[in-house]
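Step one of this worksheet: look at the structure below.
What you see is a predicted model; the values in this text were computed from it and never measured. Numbers restart at 1 for each chain; the letters A, B, ... are given by sequence-line order, proteins then strands.
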Number of protein chains: 2
Amino acid sequence: MMKPAQVVKALAALAQPTRLAIYRLLVARGPEGVTAGDIAAKLKAAPATLSFHFRTLSHAGLVESRQEGRFVYYTANFAVMNSMVAYLTENCCGGNPDACKPK
Amino acid sequence: MMKPAQVVKALAALAQPTRLAIYRLLVARGPEGVTAGDIAAKLKAAPATLSFHFRTLSHAGLVESRQEGRFVYYTANFAVMNSMVAYLTENCCGGNPDACKPK
DNA sequence: CAGACATTTTAATAATTGTTTAACAATGGA
DNA sequence: TCCATTGTTAAACAATTATTAAAATGTCTG
């Protein structure tokens, strides 16, 4: 179970256009990850700006990084995303969740 | 399908402790909703502060309100939450979503 | 209609956040 | 070793956001 402050941090990390785009790239890529440079190229953002955003995402637990040679690979942490979603929908409709499930 | 800006707005709306607590109360309560006053009592927050947060949540599409007499009932909009989650996990792992589903 | 109640609006202030530029560290190939 | 490449850090500034207090709006009850 996540604490409220962790959830707020994760939501805040995703609540920014550049970071949301980064996260989606990483989700789409899967466990292999994407290098910082590839993300910079795809999003057309300055390296320093991205580095700032990577740090925010990492600190929120939503992404992880590993260094390979000169490259840094970032990957999405799916467990944290799933916990966050679980937190948001917890105890839905007082235990009668039919009213809030997708059709 | 939601647009990125809508998703960012919804995430930003939830990325604040008071609003996250409001939202969870509404999710737990279901379609009946909760009055602004009840939420103020449960969260021990000033009415003006809550009104500000309700507006943020409403504007993001996450909650709806209806007036009944002197009371305003707020309810969670589950469809928007589900769309938001779908947006975040879209195209997961390049179409091979096993790696990112909860166990 | 007068007064009490429920909630919103406005205006002001304090705190947080995003971007840029420049300088810095680490890696690997010539 | 020297240099180009990859990415991070630091400092400064602009912009956004949260909170409070006070005044205003709307709704019911007597």
Side-chain angles (χ1 to χ4, degrees), chain A residues 4-26 29 32-77, chain B residues 4-26 29 32-77:
Chain A
Q6 290 178 274
V7 177
V8 166
K9 194 181 276 190
L11 289 164
L14 292 172
Q16 205 279 337
T18 302
R19 286 195 298 265
L20 184 58
I22 292 170
Y23 187 77
R24 295 236 306 167
L25 281 179
L26 297 181
R29 183 59 160 170
E32 187 184 340
V34 187
T35 65
D38 281 358
I39 294 175
K42 278 179 186 153
L43 301 184
K44 292 169 186 160
T49 300
L50 286 181
S51 211
F52 167 83
H53 290 310
F54 287 142
R55 198 159 62 84
T56 303
L57 287 165
S58 296
H59 198 235
L62 286 163
V63 311
E64 278 148 19
S65 63
R66 69 177 195 279
Q67 184 134 17
E68 276 189 21
R70 277 186 287 189
F71 299 91
V72 176
Y73 284 80
Y74 284 94
T75 52
N77 181 330
Chain B
Q6 291 178 272
V7 177
V8 167
K9 194 181 277 191
L11 289 164
L14 292 173
Q16 203 277 338
T18 301
R19 287 196 297 267
L20 183 59
I22 292 170
Y23 187 77
R24 295 235 306 167
L25 281 180
L26 298 181
R29 181 61 160 168
E32 185 183 341
V34 186
T35 65
D38 280 358
I39 293 174
K42 277 178 187 156
L43 300 185
K44 291 170 185 159
T49 299
L50 286 180
S51 211
F52 168 82
H53 291 310
F54 288 143
R55 198 158 64 83
T56 303
L57 287 165
S58 296
H59 199 235
L62 286 164
V63 311
E64 277 148 18
S65 63
R66 67 178 196 280
Q67 184 135 16
E68 275 189 23
R70 277 183 289 187
F71 301 89
V72 176
Y73 283 80
Y74 283 94
T75 52
N77 182 329

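What separates CZ of A:Phe52 from P of D:dG7 is a distance of 19 Å, to the nearest Å. Here the P atom of nucleotide D:dT20 and the NE2 atom of B:His53 are 9 Å apart, to the nearest Å. When rounded to the nearest whole Å, the span between CZ of A:Arg70 and P of D:dA4 equals 12 Å. Distance, B:Arg55 CZ to D:dA18 C1': 12 Å, rounded to whole Å. Atom C1' of nucleotide D:dT6 and atom CG of A:Leu50 are separated by 13 Å, given to the nearest angstrom. To the nearest angstrom, P of D:dG7 lies 13 Å from CD1 of A:Ile22. Rounded to a whole Å, the CD atom of B:Gln16 is 12 Å from the P atom of D:dT17.
The residue among A:Gly69 and B:Ser51 whose nearest nucleotide of DNA chain C is located toward the 5' end is B:Ser51.
When heavy atoms are screened at a 4.0 angstrom cut-off, A:Ala36 is found touching the sugar-phosphate backbone but no base atom. Contacts of A:Thr35 with the nucleic acid, taken as non-hydrogen atoms under 4.0 Å apart, involve only primed sugar atoms and P, OP1 or OP2. Counting any heavy atom pair closer than 4.0 Å across all strands shown, A:Tyr73 reaches no nucleic acid atom. No contact: A:Ala46 has no heavy atom under 4.0 Å from any strand.
Inter-residue side-chain proximity for A:Leu14 and B:Val8 is flagged as unmet; no heavy-atom pair is nearer than 4.5 Å. Between B:Ile39 and B:Leu26 the shortest side-chain heavy-atom distance falls below 4.5 Å. Contact of the B:Phe52 side chain with the B:Phe54 side chain is not registered, since no non-hydrogen atoms from C-beta on lie closer than 4.5 Å. A:Val72 is not listed as a side-chain neighbour of A:Thr35, based on a closest heavy-atom distance of 4.5 Å or more. Proximity of A:Lys42 to A:Leu25: side-chain heavy atoms (C-beta onward) are separated by under 4.5 Å at one or more points.
Using modelled atom types, one side-chain atom of B:Arg19 and one backbone atom of B:Ala12 make a donor-acceptor pair closer than 3.5 Å.
With salt bridges taken as basic N to acidic carboxylate O contacts below 4.0 Å, one links B:Arg66 and B:Glu68.
Protein chain A contacts DNA chain C from C:dG18 to C:dG28, reading 5' to 3' and using non-hydrogen atoms of the protein with a distance under 4.0 Å.
Checked against D:dT19, D:dT20, D:dT27, the side chain of B:Thr18 finds its nearest nucleotide in D:dT19.
Contact between the side-chain N/O atoms of B:Thr49 and the OP1/OP2 oxygens of D:dA18 is not found at any separation under 4.0 Å.
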